[in-house]
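What follows is a set of notes on a single structure, which appears directly below.
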2 protein chains.
Amino acid sequence: MGIKERKAREKEQLRQQILSAARELFVNEGYENVSMRKIANKIEYSPTTIYLYFTDKADLLDSVCKETLLNLLNTLEQLKSDISDPVETLGKSGRAYIEFGLKYPQDYKLTFVIRPQYQKGLGLDEGSVGEKVFDYLREMVSECIQQGIFHQTDVETTSQVMWSAVHGVTLLLIDFPDFPWTEKDKLIDTVIHTTIKGLKA
Amino acid sequence: MGIKERKAREKEQLRQQILSAARELFVNEGYENVSMRKIANKIEYSPTTIYLYFTDKADLLDSVCKETLLNLLNTLEQLKSDISDPVETLGKSGRAYIEFGLKYPQDYKLTFVIRPQYQKGLGLDEGSVGEKVFDYLREMVSECIQQGIFHQTDVETTSQVMWSAVHGVTLLLIDFPDFPWTEKDKLIDTVIHTTIKGLKA
DNA sequence: TGTTATACTTAACAGTGTTAAGTTAAATTA
DNA sequence: TAATTTAACTTAACACTGTTAAGTATAACA
């Protein structure tokens with residue numbers, strides 16, 4: 001009875017093929033400039049085949065973003081090991097977050113800016129990957145608060161402030177590349193250190 | 001020779017009519033979901049007439065955003081009068097910026113997120129309204145630095161950090177309305193105060 | 001071997017931004 | 001006043017878009 005399994009495997013394979021074709025095109029040409037026909041051409045199937053694997057273009061975007069969030073989560077969780085100095089870990093996590101956004105700017109925008117426009121209100125639901133990313137941030141912040149290093153005692157608010165800072169600088173650097181920014185690394189460090197200093201007791 | 005002037009006035013009138021129809025539709029239905037034909041219907045002209053006043057859809061977006069930036073600039077400059085306590089003025093300005101974004105969320109996204117996608121790298125050029133908005137921020141920050149209140153002595157970096165914070169929280173509140181945010185006003189205040197505290201000497 | 005289910009494609013619909021060519025009416029010139 | 005030029009606007013079309021209904025061929029099963 002291996003036939004059914006082989007078929008399922010083949011189906012999953014094509015799904016992945018579609019997904020990676022979509023990601024590549026979305027990232028290189030922008031979500032709006034990618035048509036279902038373009039994706040279909042790339043994988044050498046008819047456009048309608050895609051609809052057998054994804055309900056529509058927004059669903060395709062959704063799946064691409066889920067992958068991005070998984071990548072981000074993996075990147076962050078590799079820093080988790082060292083909890084001796086929670087403030088340093090939080091700072092490093094912030095830096096890793098921003099650098100992830102700058103390394104994959106299109107993926108970042110797709111996930112945190114474009115998708116909310118199409119999937120109103122979704123993306124950070126219970127059990128979602130997005131929530132896990134924010135949970136990671138909560139944990140880091142919680143560690144700092146528990147050790148009495150922070151003035152603020154509210155984990156939620158503190159996490160949200162941290163997120164605002166890194167999200168803000170990431171998007172500004174992506175969206176206005178021609179703006180006369182301070183040297184990039186200096187700006188990133190200043191954003192993180194300023195925020196952490198402001199949170200300290 | 002009043003005829004020429006009347007004609008010019010009428011032309012300008014139609015231009016404004018197109019612009020405000022476009023803004024209303026962009027804001028209510030989203031840039032991508034608004035077609036040139038929709039705008040044309042609203043003003044009761046043929047679609048091609050729009051092209052006599054704007055080079056293309058992106059130009060229309062551009063003009064709408066320019067208006068938004070002017071509105072933002074006006075809102076901010078009303079706070080300028082009181083320079084006795086520069087830190088308080090900076091804080092108030094930050095709050096006004098965020099509240100502007102939340103009052104006109106679609107306009108804000110159009111200007112600071114959607115437009116950069118279509119007009120790569122533009123929007124903050126020399127002499128532009130966007131630059132004037134940032135100049136306002138520079139002035140506020142400069143005042144704080146001159147009075148020796150801030151640790152940082154670099155006006156540019158400090159301004160950029162401030163911008164990152166307010167831009168970040170504004171977009172997060174707009175894009176993820178279903179996220180379990182801390183009470184909105186508290187979050188905004190905390191973001192501003194944390195950033196300012198982090199910048200202080 | 002005949003039937004059913006799976007995987008995929010063709011053709012079409014109603015819509016998109018944009019352009020070239022055409023029309024109509026007003027302003028200018030003779 | 002009559003002919004001509006100019007300005008403002010429209011019609012029709014092109015090549016595209018996301019998506020669906022209907023059709024086809026092939027593989028799996030009885």
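To find a chain, count down the sequence lines: A is the first, B the second, and so on, and within it residues start at 1. Bear in mind that the values here come from a model prediction, so they are computed numbers and not experimental data.
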| query | Donor-acceptor pair, B:Lys57 side chain versus B:Tyr31 backbone, under 3.5 Å? | reply | yes

| query | Is the shortest side-chain N/O distance from A:Lys57 to OP1 or OP2 of D:dT19 below 4.0 Å? | reply | no

| task | Would you tell me if any nitrogen or oxygen in the side chain of B:Ser35 comes within less than 4.0 Å of OP1 or OP2 on C:dG15? | result | no

| task | Mind calculating the distance between CG (B:Leu52) and P (D:dT11) to the nearest angstrom? | result | 14 Å

| query | Rounded to the Å, how far apart are A:Tyr53 OH and D:dG18 P? | reply | 19 Å

| remark: Rounded to whole Å, the OH-P distance (A:Tyr51 to D:dG18) equals 6 Å

| Where does the angle between the aromatic ring planes of B:Phe112 and A:Phe176 fall among parallel (under 30°), tilted (30 to 60°) and perpendicular (over 60°)? | perpendicular

| field | Between C1' of C:dG15 and NZ of B:Lys38, the distance in whole Å | value | 10 Å

| request: Kindly say if B:Thr49 contacts the phosphate of D:dT10, meaning a side-chain N or O under 4.0 Å from OP1 or OP2. | output: yes

| query | How do B:Arg37 and A:Leu14 order along DNA chain C: which one's closest nucleotide is nearer the 5' end? | reply | A:Leu14

| note | Atom CD of B:Gln17 and atom C1' of D:dC9 are separated, to the nearest Å, by 14 Å

| A:Tyr45 OH to C:dT10 C1': how many Å, rounded? | 17 Å

| message | Looking at B:Gln117, is its backbone amide N or carbonyl O close enough to the side chain of A:Lys109 to form a donor-acceptor pair, meaning the two atoms are under 3.5 Å apart? | response | no

| task | Name the residue closer to the 5' end of DNA chain D, choosing between B:Glu44 and A:Thr48 according to the nucleotide with the nearest heavy atom. | result | B:Glu44

| task | Whole angstrom is fine here: how far is it from CE in B:Met36 over to P in D:dA13? | result | 21 Å

| Could B:Lys200 and B:Phe150 be counted as a cation-pi pair, given that NZ or CZ must be under 6.0 Å from the ring centre and within 45° of the axis? | no

| Between atom CG in B:Asn33 and atom C1' in D:dT17, what is the gap in whole Å? | 13 Å

